[in-house]
2 protein chains.
Amino acid sequence: MAATAPTVHIVDDDAPFRTAVRRVLDASGYRVALYDSAEQLLAKLPAGEPGCILLDVRMPGLSGPQLQERLAELGNRVPIVFLTGHGDIPMSVQAIKAGAEDFLTKPVAREKLVAAVERALTRDAQQRAHDSELDGLRARVSRLTPRESEVFALVVRGKLNKQIAGELGTAERTVKAHRQKVMEKCEAQSLAELVRMAERLGMAAAPE
Amino acid sequence: MAATAPTVHIVDDDAPFRTAVRRVLDASGYRVALYDSAEQLLAKLPAGEPGCILLDVRMPGLSGPQLQERLAELGNRVPIVFLTGHGDIPMSVQAIKAGAEDFLTKPVAREKLVAAVERALTRDAQQRAHDSELDGLRARVSRLTPRESEVFALVVRGKLNKQIAGELGTAERTVKAHRQKVMEKCEAQSLAELVRMAERLGMAAAPE
DNA sequence: CCGACTATTGTCCTTTGGGGCAATAGCCCA
DNA sequence: TGGGCTATTGCCCCAAAGGACAATAGTCGG
């Protein structure tokens, strides 16, 4: 599973500047893609591929912060490094709070830029690793039938089969059957593992 | 358990400014404490009490960011709201990344200040609630004897009693005895609950 | 209409987990 | 030195979970 090499997406309406930055990042061995507007990035950004965004703040059309917000709405969590000559403190604070990896000001020292991009790519890789683990989990859990899901929820709350049977209005034997299916579909080797899965999926644990 | 009312700790070397800010916060109903330097705050800050810090950046002696760092080293996670007239973007970015609740610039609109303080206090309350829950858990788990802890670790990994007995070189009956003690001391009503506790305490889950 | 999937249950047997009762042993503190 | 705590174990019994074999029924897509 050799992951695609990560790409740094540079979004800036200033063509000469884009080129200059590309040169720096090229020289540092990064794959680079250029966009002259936020809209262009939204249209072309390949989903699901590793990378990060190097983003200007002031641009015609969507601004950098607006693009950040838009991406968040779309559920796209690509790390963003802001790089601008027209920033102010409130803007930088807002950007970082919204999850930006960094907020640099032009002119920027080459090492600062490269370091920020590197951190952004590292974070992206970690997020992806984490997400794909969760996705695998969700995929398994989503194979459960509605009934099995109910049993699953009660099992990880520590309920006994007989209690579950009572709550669901079925026979204990039936619960056992579902429970087996749950363990099988979730590929859990033990109850402890199943509970951990539920926990990672954020399933509430009210024992009641 | 009526918690102590939260206190806003104002750290600024400018006396008139301190007084002005105190007035604003007093008027909003907050308890306020004043300090003219970071050192004074470090010396007097009551540990374990709810509150937040309203912190200037440039001061004689320890600077605001240095105080933030020092508090982090001490494990004190009181939310900090920076309020300064001499800030710049890198500084604000660094402060927020280091966990500051906000980074405001003088002069600040009264509502912005009050809103930031309110968010800081809310965050503090949440952290405290979360921490005290964890502390309760740790207190229970710390009552386990070394042997019981070993059994605990293996149980939450989904090991069977006989496997645990094998790994510890004791009889299965012995494991059962320890296991009982673990459930009792941890006040866990079910294995699921025990696993959740281990999870919240960050105990690794290598099933091996 | 048929096969696949889901939901349900029954019976029976085995493996595990949970506990009561009791005893042996080492250690530490008063 | 004696009580208290920890670690160990044996025996016995009951409850709970796991799983084999088998069967009935309803739903749904072909």
Side-chain angles (χ1 to χ4, degrees), chain A residues 136-199 201 203 205-208, chain B residues 136-199 201 203 205-208:
Chain A
L137 258 182
R138 288 201 201 87
R140 292 206 283 284
V141 173
S142 70
R143 285 207 302 270
L144 298 180
T145 66
R147 203 52 158 172
E148 286 162 358
S149 290
E150 293 181 282
V151 173
F152 177 63
L154 294 170
V155 165
V156 299
R157 279 184 189 182
K159 304 278 188 177
L160 299 182
N161 286 343
K162 65 164 56 176
Q163 295 178 307
I164 297 174
E167 289 193 38
L168 298 184
T170 63
E172 190 183 330
R173 184 64 188 80
T174 308
V175 174
K176 284 190 182 184
H178 289 314
R179 190 169 180 152
Q180 275 192 319
K181 274 293 187 184
V182 170
M183 294 295 286
E184 184 187 317
K185 289 187 179 176
C186 290
E187 293 166 47
Q189 303 306 306
S190 64
L191 174 59
E193 221 179 304
L194 198 72
V195 173
R196 278 180 212 281
M197 290 182 187
E199 199 68 353
L201 290 177
M203 298 181 64
E208 171 182 338
Chain B
L137 258 181
R138 289 202 200 86
R140 292 206 282 284
V141 173
S142 68
R143 286 205 302 270
L144 298 180
T145 65
R147 202 52 160 173
E148 285 162 359
S149 290
E150 293 182 283
V151 172
F152 176 63
L154 295 170
V155 165
V156 298
R157 279 184 188 180
K159 304 278 188 177
L160 301 182
N161 286 343
K162 64 164 56 176
Q163 295 177 306
I164 298 174
E167 290 193 39
L168 298 185
T170 62
E172 191 183 330
R173 184 63 186 80
T174 308
V175 174
K176 284 190 181 184
H178 288 314
R179 188 169 180 153
Q180 275 191 317
K181 273 293 186 184
V182 170
M183 293 296 284
E184 184 187 317
K185 289 186 179 177
C186 290
E187 294 166 46
Q189 303 306 306
S190 64
L191 174 59
E193 221 179 303
L194 198 71
V195 173
R196 277 180 212 283
M197 290 182 189
E199 197 69 353
L201 290 177
M203 298 181 65
E208 173 181 340

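The chains referred to below are lettered A, B, ... by the order of the sequence lines, with proteins before strands, and numbering in each begins at 1. Values reported hereafter were calculated over all heavy atoms of this structure, with side chains retained and with hydrogens, waters and symmetry mates removed.
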- Query: Touch check for B/Thr174, heavy atoms < 4.0 angstrom, all strands: base, sugar-phosphate only, or nothing?
  - Reply: base
- Item | From A/Thr170 atom OG1 to A/Arg147 atom CZ, the distance as rounded to the nearest 0.5 Å | 5.5 Å
- Message: With a 4.0 Å cut-off on N to O distance, would you call A/Arg196 and A/Glu193 a salt bridge?
- Response: no
- Candidate pair A/Met197 and A/Val141, rule side chain to side chain contact (heavy atoms under 4.5 Å, CB included), full reasoning: CA-CA 9 Å; A/Met197 290 182 187; A/Val141 173; 5.6 Å; no
Using residues 172-185 of chain B as the side-chain source, report each donor-acceptor pair under 3.5 Å to any protein atom, sequence neighbours left out, with the distance given to one decimal.
residue: B/Arg179; atom: NH1; partner: B/Asn161; partner atom: OD1; Å: 2.5
residue: B/Lys185; atom: NZ; partner: B/Arg143; partner atom: O; Å: 3.0
residue: B/Lys185; atom: NZ; partner: B/Glu148; partner atom: OE1; Å: 2.9

- Message: Checking A/Leu160 now: which residues fulfil side chain to side chain contact (heavy atoms under 4.5 Å, CB included) with it, not counting sequence neighbours?
- Response: A/Lys162, A/Gln163
- Item | Whole angstrom value for the distance that separates C1' of D/dT6 from CZ of B/Arg143 | 16 Å
- Item | Interatomic distance where CD belongs to A/Glu184 and C1' belongs to D/dG18 [whole Å] | 13 Å
- Can you find a donor-acceptor pair, distance only, under 3.5 Å between A/Arg173 side chain and C/dT11 base? yes
- Message: Looking at C/dT15, I'd like to know if its phosphate oxygens (OP1 or OP2) sit under 4.0 Å from a side-chain N or O belonging to B/Lys162.
- Response: no
- What's the CG-P distance between B/Leu160 and D/dA17, to the nearest Å? 14 Å
- Item | Per A/Thr170 side chain, nearest of listed nucleotides D/dT9, C/dG17, C/dT9 | C/dT9
- Message: Measuring to OP1 and OP2 of C/dC5, would you say a side-chain N or O of A/Thr145 lies under 4.0 angstrom away?
- Response: no
- Which one, C/dG17, C/dA7, D/dT8, comes nearest to the side chain of B/Asn161? C/dG17
- Item | d(NZ, A/Lys176; C1', C/dT15) in whole Å | 11 Å
- Check every strand shown and say whether B/Lys181 touches a base, only sugar-phosphate, or nothing at a heavy-atom separation below 4.0 Å. nothing
- Could you tell me the separation between the CD atom of B/Gln180 and the C1' atom of D/dT6, rounded to a whole number of Å? 15 Å
- Per nearest nucleotide of DNA chain C, the residue lying toward the 5' end, B/Leu191 or A/Lys185, is A/Lys185
- Query: Taking CZ from A/Arg179 and P from C/dT16, how many angstroms apart are they, rounded to a whole number?
  - Reply: 15 Å
- Task: Can you tell me the distance, in whole Å, between the CD1 atom of A/Ile164 and the C1' atom of C/dT8?
- Result: 16 Å
- Task: Starting from the 5' end of DNA chain C, give me the residue, B/Met183 or A/Val175, whose nearest nucleotide shows up first.
- Result: A/Val175
- Query: Once you round it to whole Å, what is the distance between P of C/dT6 and CG of A/Leu144?
  - Reply: 10 Å
